[in-house]
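Below is one structure, written out as structure tokens; the observations come after it.
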Amino acid sequence: GYVNWCEALGTVLANDEVKDGLSERGGFPVVQREMMQWSLRVTAYAERLLSGMNTIQWSESLKTIQRNWIGRSEGAYIDFNVAGQYPVSIKVFTTRPDTIFGSTFLVLAKDHDLVAQLTSADQVSAVTQFAAQVAPSKTIGQKTTEGVWTGSYATHPITGDKIPIWIADYVLKDYGTGAIMAVPGDDERDLAFAKAHQLPVVEIINRSGLSQAAIEDKQGVMINSSFLDGMQVEAAIKYILDYLEHNKLGLRQVVYKLRDANFSRQRYWGEPFPIYYDKNGLVHEMKESELPHELPELDDFKPSPDGRSPLARLDHWASPSDGISRETDTMPGYAGSSWYFLRYMDPNNQNAFASKDALKYWQDVDLYVGGVEHAVGHLMYARFWHKFLYDLGYVPTEEPFKKLVNQGMIQGIVESLLLLKDRKEGKAHFISSELAAAREIPKEALSAIPVHISMVKDYGHPDSHLVAEGLDAFIKWRPEYTEAVFECFDGFYQAPDFGKAVFYTQSEVGKMSKRYHNVVNPDDVIEKYGADCFRMYEMFLGPIEQSKPWDTMGIEGISKFLRKLWSLFYNDQDVWVVSANPPKENSLRILHATIKKTGEDIERFSFNTAISQFMICVNELRKTDERSAEVLKPLVQLLSPFAPFITEELWQQLGEPQSVHTSTFPTFDEKWLINSSITYPVCINGKKRSEITLPVGTPNKEIETSAKELPEIIKWLEGQTIKKVIIVPEKMVNIVL
RNA sequence: GCGGGUGUGGCGAAAUUGGUAGACGCGCUAGACUUAGGAUCUAGUGCCGAGAGGCUUGGGGGUUCGAGUCCCUCCACCCGCACCA
């Protein structure tokens, strides 16, 4: 069949590897090309890939992306006979069979198989010319009404009317049947096309009385539709489907956008297929005794110019004996990524990918953390693959990934110099962002020229700016601006003398990208602050699923925290200060509160709040001068998933022979969490005016009396009548006036 | 156009079940120590106001003793899909 061929990459690609007619990797043009290829029948699992989503804990957005990709629609096939060419008929797909009486013409994709046969002699030149137009290969986002008449007519299956058959760009060959019955009375695109080519329009749905109902909404009453007249749309759909099926004019059908996935690549690096062809070209599987089938050694990995795999050049391998040839294509990357996690369950097994026992024990992947960019590629194929293995009885679950969390992207700050679009005396005129704001210069009058963040002083700070060195570096980097003037608060500066210029940059949150020259290399951060600090800061930035900007300055907060933590163990003379003395009550209270809070936070992936609790805990412990091992040991254990290196070091210094990472997470003791008194906020009409601390178990009556006696409250109550007093146990007091 | 999501201080954010909005951190301000400070420590820091006090979770409305949280409505931004019949 037809496949996505990318000349530049020298291989075919799966649909999810093609975006807007270009290869996702490299952005090279991709064309349709007829080739003999292996493909995975993912479509056979479309329905189960959809229904399975109800059983897994994935984000709604990710599920939606997969649902859109599968693209299920329920409708019908309807046959239209071609007038004068019996028994030729055109099968169309529609989700709105109820609108059949409004169908005034048919439209085929221009590469539909019947086009040549339907084209009349006098239309041949028009049709071939139109078909030959390099289809603005998926004219991105643009609707078009281009098309031509084939010269033929179809017979309306119910009314028997003759309706013209057209070809047009807006009907796609690879969706449905590649042919539609156009209903300009109820479809925007059909209507636009009908208007452009003066084709008749019949209203078939009365929407009067319906407010602003969108044209696609399945609402309204049928009109001009013979026996359907007067029915509501939903009822009409059901009725006409029964009618079509009963009279053998059509068939209920569900179609999907999802297509079978191409599984052959003309590359060296990939699993070779355990397949060979005999002299008649028939396909055979390799015997199990011949497995594993491994890639042969090769010196030159480039594809051969004829579009065949590099393996095809290796004659003795490709044709091991007379009349026998091997499959020389290899499998795509997603072959391995669809099941590697199963192998982890039993990595040394020589007989199977994993033993029954291992599979029974491990089952599936409990938690998968990954980027949303895999939504329609890897994550879809892995689910398909897993269901297939399940059907064969090789895995115990239908879904591979029970719970999935999409981590957000770390963004960067884009630092730009503002350039006035109007040049000053013919020279480029840059203006400090403070000045531009003060003068209220509109955005349209300015271009933002991204500047490399190494040139910016106080990068990430609100006052980020360039001084003389930065400006020098900038014009050296962008010589076209050598002559430019830079307007700062205290006047104009120009090369070569930037003097004491302070030129403020515009700072915006955006992607970290080479294009914006704002990529922060983790290696550099780790070099300066250490891996623990880097890791913790990434967790501290915000909720895991949210994209958030990297703020270089903020990392100091975590760095300070780790130094404070260290200072609980070593004083500033680097002397070990941990003692075996028992801790005081307050230390135990904060420790156990921290065990509880961070344990719960970890369970709900709220790492940023767990870290904030660690900070509170360390700050509290530092206020005392006790350095009790009884408190510090569990603290090190709590922190070990967050700062694995520093905690391992401290753990050893605490005299533990085993790794902290094999120790068990501490448990909290409820008795250290119970308070003897409670501080109640006292509100008047829901606004806090005072507070009062009372022993636990104070009866409501007493709470109320005490609250009313507070001086601030007395003041507010003066001359007012109390309507009621609400006391929420252990929470608050609200006096309603 | 359809679908998903997000709007809270100068910034990143917290508030888990309708109950003290702004925890924690950055930044900023003042002070201490210091030859020095881009180190450390202390205090302050939502906004308006001299103060009393008022205002405040994108805007407007509602339910409630009480709303960031629930309901209605509008707006802005981000992401995905997009001629899907």
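Within every chain, numbering begins at 1; the chains are lettered A, B, ... in the order of the sequence lines, protein sequences first and strands thereafter.
- Distance check on atom C1': B:U35 versus B:G27 gives 28 Å, rounded to whole Å.
- A heavy atom lying under 4.0 Å from RNA chain B marks the following residues of residues 608-620 of chain A, by number: A:N608, A:T609, A:S612, A:M615, A:I616, A:N619.
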Where protein sits on nucleotides 44-50 of chain B, one letter per nucleotide: B base, S sugar-phosphate only, - none, heavy atoms under 4.0 Å | -------
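- At least one donor-acceptor pair closer than 3.5 Å links the side chain of A:H156 to the backbone N or O of A:I100.
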Atom pairs, N/O to N/O, protein against nucleotides 66-69 of chain B, distance under 3.5 Å?
none

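- Every side chain to side chain contact (heavy atoms under 4.5 Å, CB included) that A:V502 has, sequence neighbours left out, goes to A:H465, A:Y504.
- Donor-acceptor pairing under 3.5 Å, judged by distance alone, is absent between the side chain of A:K731 and the base of B:U17.
- Taking the C1' atoms as reference points, B:U17 lies 49 Å from B:G37, given to the whole Å.
- For residues 538-550 of chain A, the pairs satisfying side-chain hydrogen bond (donor to acceptor under 3.5 Å, both in side chains) are A:W550-A:T552, with sequence neighbours left out.
- When the P atom is compared between B:G3 and B:G49, the two are found 46 Å apart, to the nearest whole Å.
- Residue A:Y680 comes nearest to A:K731 through the heavy atom pair CE2-N, 3.9 Å, listed as atom of the first residue, atom of the second, then distance.
- For A:S433 (side chain) and A:T505 (main-chain N/O), a donor-acceptor pair under 3.5 Å exists by modelled atom type.
- Its glycosidic angle being more than 90° from 0, B:G54 falls on the anti side.
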Dump every N/O contact between nucleotides 39-43 of chain B and the protein below 3.5 Å, one line per pair.
from, atom 1, to, atom 2, distance (Å)
B:U40, OP1, A:R563, NH2, 2.7
B:C41, OP1, A:R622, NH2, 3.1

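- Within a 6.0 Å sphere centred on CD of A:E47, heavy atoms belonging to other residues, nucleotides or ligands number more than 12.
- Comparing the same atom, P, in B:G68 and in B:A50 gives a spacing of 28 Å after rounding to whole Å.
- Of the residues in residues 69-76 of chain A, A:S73 come within less than 4.0 Å of RNA chain B through at least one heavy atom, sorted by number.
- With B:G53, B:C55, B:A85 as the choices, the nucleotide that has an atom nearest any side-chain atom of A:Y175 turns out to be B:A85.
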Taking distance alone, no hydrogens or angles, what donor-acceptor pairs closer than 3.5 Å link side-chain atoms of residues 558-567 of chain A to residues at least two apart or in another chain?
from, atom 1, to, atom 2, distance (Å)
A:S559, OG, A:R563, NH1, 3.0
A:K564, NZ, A:N619, OD1, 3.4
A:S567, OG, A:K564, O, 2.6
A:S567, OG, A:R622, NH1, 2.9

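- With both ends at atom C1', the span from B:G31 to B:G12 equals 28 Å, rounded to whole Å.
- For the P atom pair drawn from B:C70 and B:U16, the interatomic distance equals 11 Å after rounding to whole Å.
- The ring pair (Phe, Tyr, Trp, His ring centres under 6.0 Å) search around A:F193 returns A:F105, A:W166, A:Y170, A:H197, not counting sequence neighbours.
- Contacts of A:R689 classified as salt bridge (Lys or Arg N to Asp or Glu O under 4.0 Å), with partners at least two apart in sequence or in another chain: none.
- Separating the P atom of B:A21 from that of B:U57 is a span of 12 Å, rounded to the nearest Å.
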Given the rule that a pair is Watson-Crick or G-U wobble with both distances under 3.5 Å, how would you write RNA chain B in dot-bracket, using | for pairs to a different strand?
-> (((((((..(((......[....)))((((((.......))))))(((....)))..(((((..]....))))))))))))....
Please tabulate, for side-chain N and O atoms in residues 607-614 of chain A, each donor-acceptor pair with protein atoms closer than 3.5 Å (sequence neighbours left out).
from, atom 1, to, atom 2, distance (Å)
A:T609, OG1, A:D601, OD2, 3.0
A:T609, OG1, A:S606, O, 3.0
A:T609, OG1, A:S606, OG, 2.5
A:S612, OG, A:T609, O, 3.4
A:Q613, NE2, A:T594, OG1, 3.1

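- Counting any heavy atom pair closer than 4.0 Å across all strands shown, A:W716 reaches sugar-phosphate atoms only and no base atom.
- Close to B:G38, at under 4.0 Å from its OP1 or OP2, lies no side-chain N or O of A:K457.
- A donor-acceptor pair under 3.5 Å is formed between the side chain of A:Q66 and the backbone N or O of A:A375.
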